[in-house]
Amino acid sequence: MRIHRVYCKSVSGANKKFALDDTQSHHLIKALRLKKGRVVEVFDGKGSSASCEIILLDNKRCELERISEINKDNEPKRTLTNIIPFIKTNNFNYMIQKLSEIGVNKFIVYRPELCDQSIAKKDLGKIIEKCKDIIVNVCKQCGNNFLPQIVYTKNLDEAINMIETDDKKYVFDTDAEIYFSFEDLDNSSSVTTITGPESGFSKNELESIKQKNIEIRYLGENILRSETAPIFVSSIVRNHFGKI
């Protein structure tokens, strides 16, 4: 029998009995239609997971009891961070979903200067909150016990300032002259990649990139969509990590 996965921060707490939030309760009750006594796997998004039994179930509330020892996964030694632009919502959600499936560890979202007018005034904070639900659902399905972190910034310059110092850093642009290859990656460093919107980087954004001495690379002859480029390059990096 398949064991379903559920997300709850409380699974790794001191109390063996805990309640799920409304979203996770609704999923167990309405979508999965699980009954009292069923066992589910619960993860906390920080690497811990445990088997838990459903001990209370009504129309809106679900309570669980931890019945196994807590399993703690090791944190990844090498991480992949994507600095990605805010684009049209449906495309953006698709991008977040697929990148989470590939195994991106952190998203830094920026509002590009050359953005589509249809999204220029949208509340990025609210959209990011909805993306967190997408990330949780992906991790439930793929078995990842670490939730990727997602934050947003006002602009690309602010996003670049958030990059870890020791990361290998690459910007991907159609005007670059050097192709990206495995030879760019060493065997120990974490990696941060930066991609732009459909309209490309603005002059100010390119100047910020140059001032930070970030390597600029070309992905190939085919011009990739703004939601496809980070998926493409992240697949290459994760494959190099040996974790795809």
Side-chain angles (χ1 to χ4, degrees), residues 45 47 73 75-112 127-128 131-153 156 159-160 162-174 176 178-198 200-201 205 209 212 214-244:
D73 292 346
E75 293 190 18
K77 294 180 179 180
R78 304 176 69 186
T79 59
L80 172 59
T81 299
N82 282 175
I83 295 181
I84 51 178
F86 177 47
I87 55 178
K88 291 181 179 179
T89 305
N90 288 340
N91 296 345
F92 183 75
N93 290 343
Y94 172 84
M95 176 171 59
I96 292 294
Q97 180 189 52
K98 298 308 174 185
L99 290 171
S100 298
E101 290 176 6
I102 290 169
V104 173
N105 303 101
K106 182 177 181 179
F107 301 103
I108 303 176
V109 183
Y110 69 94
R111 193 184 295 275
I127 293 172
I128 294 299
C131 282
K132 292 179 180 179
D133 291 334
I134 295 174
I135 291 172
V136 167
N137 288 331
V138 168
C139 291
K140 283 163 59 176
Q141 293 174 1
C142 71
N144 185 6
N145 290 328
F146 289 97
L147 289 179
Q149 183 183 359
I150 182 167
V151 297
Y152 68 95
T153 60
L156 180 58
I160 291 174
M162 295 182 67
I163 300 175
E164 296 292 334
T165 304
D166 295 333
D167 281 14
K168 298 277 286 186
K169 312 167 190 67
Y170 300 99
V171 173
F172 297 92
D173 187 50
T174 54
I178 303 174
Y179 279 94
F180 181 68
S181 70
F182 282 120
E183 295 177 357
D184 287 314
L185 303 170
D186 59 30
N187 294 320
S188 60
S189 299
S190 295
V191 176
T192 294
T193 67
I194 306 172
T195 53
E198 291 183 355
F201 296 109
E205 289 169 341
I209 292 167
K212 301 295 183 179
I214 300 174
E215 301 285 349
I216 301 178
R217 290 292 185 269
Y218 184 54
L219 284 177
E221 294 180 359
N222 291 347
I223 297 176
L224 302 177
R225 294 173 62 90
S226 53
E227 68 269 25
T228 307
I231 296 172
F232 179 82
V233 71
S234 294
S235 298
I236 295 174
V237 175
R238 292 299 300 181
N239 187 59
H240 176 75
F241 285 177
K243 295 288 183 66
I244 194 169

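Given the structure is predicted, the values throughout are model-derived calculations rather than measurements.
Taking the side chain as every heavy atom from C-beta outward, Thr81 and Ile163 never approach each other to under 4.5 Å. Side-chain contact between Lys169 and Glu215 is absent, with no heavy atoms from C-beta onward closer than 4.5 Å. Ile231 places none of its side-chain heavy atoms less than 4.5 Å from the side chain of Leu224. Residues Phe146 and Asp73 form a side-chain contact, since some pair of their non-hydrogen atoms from C-beta on lies under 4.5 Å apart.
One finds the CG atom of Asn137 at 11.0 Å from the CD atom of Glu101 (value rounded to the nearest 0.5 Å). In this structure, CD on Glu205 lies 10.5 Å from CG on Asp173, to the nearest 0.5 angstrom. Atom NZ of Lys98 and atom OG of Ser234 lie 14.0 Å apart (nearest 0.5 Å). In this structure, Tyr94 OH and Leu99 CG are separated by 9.5 Å, a value rounded to the nearest 0.5 Å. Here the straight-line distance linking atom OG1 of Thr195 with atom CG of Asn82 works out to 6.5 Å at 0.5 Å rounding. A distance of 13.5 Å separates CZ of Arg217 from OG1 of Thr193, quoted to the nearest 0.5 Å.
Summarising the local packing, NZ of Lys88 is surrounded by 12 or fewer heavy atoms from other residues, nucleotides or ligands at distances under 6.0 Å.
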**OP:** Go through the steps for Asn145 and Cys139 under the test side-chain contact (heavy atoms from CB on, under 4.5 Å), then give the verdict.
**Re:** CA-CA 7 Å; Asn145 290 328; Cys139 291; over 6 Å; no

**OP:** Assess whether side-chain contact (heavy atoms from CB on, under 4.5 Å) is satisfied between Ile87 and Glu227, documenting all intermediate values.
**Re:** CA-CA 8 Å; Ile87 55 178; Glu227 68 269 25; 3.9 Å; yes

**OP:** Decide side-chain contact (heavy atoms from CB on, under 4.5 Å) for Thr79 and Lys106; before the verdict, give the C-alpha distance in whole Å, the side-chain angles of both, and the deciding distance to 0.1 Å.
**Re:** CA-CA 8 Å; Thr79 59; Lys106 182 177 181 179; over 6 Å; no

**OP:** Run the numbers on Ile128 and Phe107 for side-chain contact (heavy atoms from CB on, under 4.5 Å), then give the verdict.
**Re:** CA-CA 10 Å; Ile128 294 299; Phe107 301 103; over 6 Å; no

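Checking each of Ile127, Thr153, Ile150 against Val109 for a side-chain contact (heavy atoms from CB on, under 4.5 Å) leaves exactly one that passes, namely Ile150. Evaluated for a side-chain contact (heavy atoms from CB on, under 4.5 Å) with Phe86, the options Tyr110, Phe92, Tyr152 yield exactly one hit, Phe92. Of the residues Phe232, Phe201, Tyr179, Phe180, the one that meets the ring pair (Phe, Tyr, Trp, His ring centres under 6.0 Å) test with Phe172 is Phe180.
Pairing each heavy atom of Lys77 with each of Ser190, the nearest pair is O-OG, 4.0 Å. Residues Pro85 and Pro197 approach most closely at CG-N, 3.7 Å, considering heavy atoms.
The closest side-chain donor-acceptor pair between Asp167 and Thr192 falls under 3.5 angstrom.
Distance alone, capped at 3.5 Å, places no donor-acceptor pair between the His240 side chain and the Asn187 backbone.
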